[in-house]
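Single-structure report; data block below.
Computed from heavy atoms alone, side chains included, the values below leave out hydrogens, waters and symmetry copies.
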Amino acid sequence: MSVTDAKIHSETNAGPQSQQAAPLAADLDVATAFLETLTHELDTSIEPTAPNPFLNMSLHLLRCHLQGKTVTASTMVSASGVPYATATRKLAEMQRQGLIEQRPRSRTGRSFSLHPSESMLTFWAQLSDRICRLGQQTFGGTGPGGSDYFFGGSYMGTRGLIPPPSVLPQPLRLPGGLRVLVHGDPTFMVMDALKRQIEQIVGTRIHQRAFSIDRLREEALRNAARPQSRYDLIAVDLPWIGEFVTRGVLRPLDEVMDVARLDPGDFHTAGWRGAHWMGRPYGVPSQTTPELLFYRKDWFAEAGIAAPGTTDAMLAAARHFHAPRRGRYGIAWNAARGTALGHTFMMVCADFGQPLIDMPRIAGGYDADRLDRDTQVTIDTDRGRAAAEFLLELLALAPPDILSMSWYERVRPYAEGKVAMAYGYTLLAPYFELDPSSSAHGNTGYLPHPAGPGADPVAPVGGYVLGIPANLPPERVPEAVEALIAFTSPEAQKLYVQNGSRTNPRYSVGADPEVRRLSPIFEAVDQMSWRDELQFWPRPPIPQISRIFQICGEEFHDMLRGVTRPGDALARAQARAEDTLRETIT
């Protein structure tokens, strides 16, 4: 087929839907990979032969487009299989026919990259579908001799695989580039390491600023007070949603986009629900990272101890492994004063079946979807006391520097083989999963939080959503929406995982065979989600939650230091939290 024929076929057969962003389904990746292999086989096996420069350059351009790789005129000429002068003429003909677009790579415009046009993508998407169907119709599902191999089998078997991110049909047009405010955790640092590749995908420069959790919140609030936002997208910790909506930090997504484009049903239920306030979405899950119990499978197996499912079993196991004179401890966790310990207390309360505020009971726990109402604090209760006393028991089985351990410090001794168990978010798993020298590498099991008496196991959901600031200039909003969709797509999420992330907000990514082979953590989290153990109610996203984190982290730190008794710590935390709820958030 000639270039002209391809263009005419594309224009006459493209329906209304194909006039939008060209469909880049798995069929396109499958068919182009197969044709590329088949073409090479024919060109090197049949004599005489005549290479088809149009086909060779088209396949090269499409494959690089699907993989987010840069294509230049010289690489196209090299892929053509014909002499330089001939390839240059054929390439120019493809550009005249509107099959290839040029995009500047520098401010001067002297260098540029090549990309398939919408008409080319539409044509090849249609052709790819026909190639796959023709292969099945012609050769069927079983090859000669009754073998299980069939035409395209090695590619058709990958239909469940998520392809690499593809370059946007139209590059983002954002003066000064895309500006993103994020948390300085391993997943966002993976995004930063992939910045060049992601810039190629979205077609513009990316400026990413990363802060610690408390500084991130402060910067987001400062940014909201500015006349115009300095950021196109901001990362928001799930518990902040209520506060940020109340303070006018975030723009509701259903106001600026068709939310169906995000495929909401593909997100883990708890992560997607946690991105809402009063029934409206204000962000898209970028990380869904439940806090789990990491435990040394090899140690437990050698000792003949079963994986702990209850708090009593976990304490018994921690006592067994706790041997300070040998430099070995039972368990590590967040006990640093302030926000870190405040999170731990809330999650331990959930282990005993109680949230920190009064919420209606529903299947799976409590209803945290409608928190825009007056509520009561439920810290100083029987279950709250059980949680506080449980922390004191954990203290006796922890490393000596436990009272200064926060997010990363608790996982380091686990990765170094000094503790048997650690509470940790899945985003921290790279510290040992990607380090072959760690004794925990390949020897870690993942469990939801063990349950207290009369409660059910729960995996408290953490992580971040990406949202659009309410004060972002209107002319930048449409492009920010496209960036938001691209950054949270299954293709992008799989790319992050392949480069070291251990967080995943989507079912489709967790089910991808290539992702599952990278870590057992994805299957474990998926199973917890299906069992309804992934929950966001342990840290209810009320507007005052950040202050309550701080209060609990201060009062129970004094308790762990022996300054106050459990009853006094509970009463003080209850009273201070009640005062906070009476404050007006502005």
Side-chain angles (χ1 to χ4, degrees), residues 289-335 344 347-354 364-365 383 386-387 389-399 402 410-426 428-429 431-433 438-461 502 510 516 519-535 538:
T289 174
E291 183 174 87
L292 307 180
L293 180 69
F294 304 157
Y295 73 100
R296 287 294 297 270
K297 293 191 300 182
D298 51 341
W299 294 7
F300 275 71
E302 289 172 7
I305 300 175
T310 66
T311 51
D312 287 342
M314 187 179 78
L315 288 171
R319 292 190 191 101
H320 175 85
F321 293 114
H322 192 64
R325 292 184 179 179
R326 295 166 50 199
R328 181 179 286 188
Y329 307 94
I331 186 167
W333 40 290
N334 263 3
T344 295
M347 293 180 183
V348 169
C349 280
D351 298 344
F352 285 84
Q354 175 186 289
R383 289 180 183 265
E389 292 174 346
F390 178 68
L391 289 180
L392 288 170
E393 292 186 89
L394 290 181
L395 178 67
L397 302 168
I402 186 66
R410 57 179 167 167
V411 174
R412 286 180 182 142
Y414 179 82
E416 293 168 357
K418 295 179 180 178
V419 296
M421 296 173 285
Y423 284 129
Y425 285 114
T426 60
L428 300 174
Y431 280 105
F432 50 87
E433 281 205 350
S438 169
S439 62
H441 178 79
N443 291 316
T444 296
Y446 302 102
L447 298 171
H449 277 219
D456 297 317
V458 63
V461 169
R502 289 299 179 263
R516 295 241 175 168
S519 169
I521 207 166
F522 298 110
E523 183 173 2
V525 170
D526 273 0
Q527 291 299 318
M528 293 177 206
S529 182
W530 292 118
R531 293 194 300 265
D532 212 19
E533 292 169 346
L534 261 61
Q535 298 288 337

Fill in the blank from the handout: Output for pair (Q527 CD, E533 CD), nearest 0.5 Å, gives 9.5 Å
Handout entry: T426 (side chain) donor-acceptor with R502 (main chain) under 3.5 angstrom
Key = yes
Practice task
May I have the step-by-step check of side-chain contact (heavy atoms from CB on, under 4.5 Å) for L292 and V525, ending in yes or no?
Solution key: CA-CA 9 Å; L292 307 180; V525 170; 4.3 Å; yes
Practice task
Classify the ring geometry between F294 and Y446 as parallel (under 30°), tilted (30 to 60°) or perpendicular (over 60°).
Solution key: perpendicular
Exercise for the section: First locate atom CE of M421, then atom CG of L397, and finally report the distance between them rounded to the nearest 0.5 Å. Expected result: 8.0 Å
Problem - Nearest atoms (heavy-atom pairs only) where D298 meets S439 - result: OD2-O, 4.4 Å
Handout entry: Within the 6.0 Å centroid threshold, strictly below: F432 and H441
Key = no
Completion exercise
Scanning both residues in full, the closest heavy-atom pair of P448 with L293 reads O-CB, 4.3 Å
Practice task
Check the pair V419, I331 against side-chain contact (heavy atoms from CB on, under 4.5 Å), reporting the backbone distance first and the verdict last.
Solution key: CA-CA 6 Å; V419 296; I331 186 167; over 6 Å; no
Handout entry: Taking every non-hydrogen atom, the tightest pair across P453 and R383
Key = O-NH1, 3.8 Å
Practice task
Mind running side-chain contact (heavy atoms from CB on, under 4.5 Å) on D351 and M314 for me, showing each step along the way?
Solution key: CA-CA 12 Å; D351 298 344; M314 187 179 78; over 6 Å; no
Problem - Closest contact, heavy atoms only, S438 versus A415 - result: OG-O, 2.6 Å
Problem - Minimum-distance pair of heavy atoms, taken over all atoms of M528 and L447 - result: CE-C, 3.7 Å
Exercise for the section: For H322 and A396, work out which heavy atoms get closest and say how close. Expected result: NE2-O, 3.3 Å
Practice task
Would you give the length of the straight line joining atom OG1 of T344 to atom OH of Y423, rounded to the nearest 0.5 angstrom?
Solution key: 9.0 Å
Exercise for the section: Please round to the nearest 0.5 Å and tell me the distance separating atom CZ of R531 and atom CG of D456. Expected result: 11.5 Å
Exercise for the section: Nearest 0.5 Å please: distance from the CD1 atom of I402 over to the CG atom of L394. Expected result: 8.5 Å
Handout entry: Within-4.5 Å side-chain heavy-atom neighbours: W299 and R328
Key = yes
Handout entry: Pairwise distance CZ(R412) to CG(L428) - rounded to 0.5 angstrom
Key = 10.0 Å
Completion exercise
Exactly one of Y414, Y295, F300 clears ring pair (Phe, Tyr, Trp, His ring centres under 6.0 Å) with F321, and that residue is F300
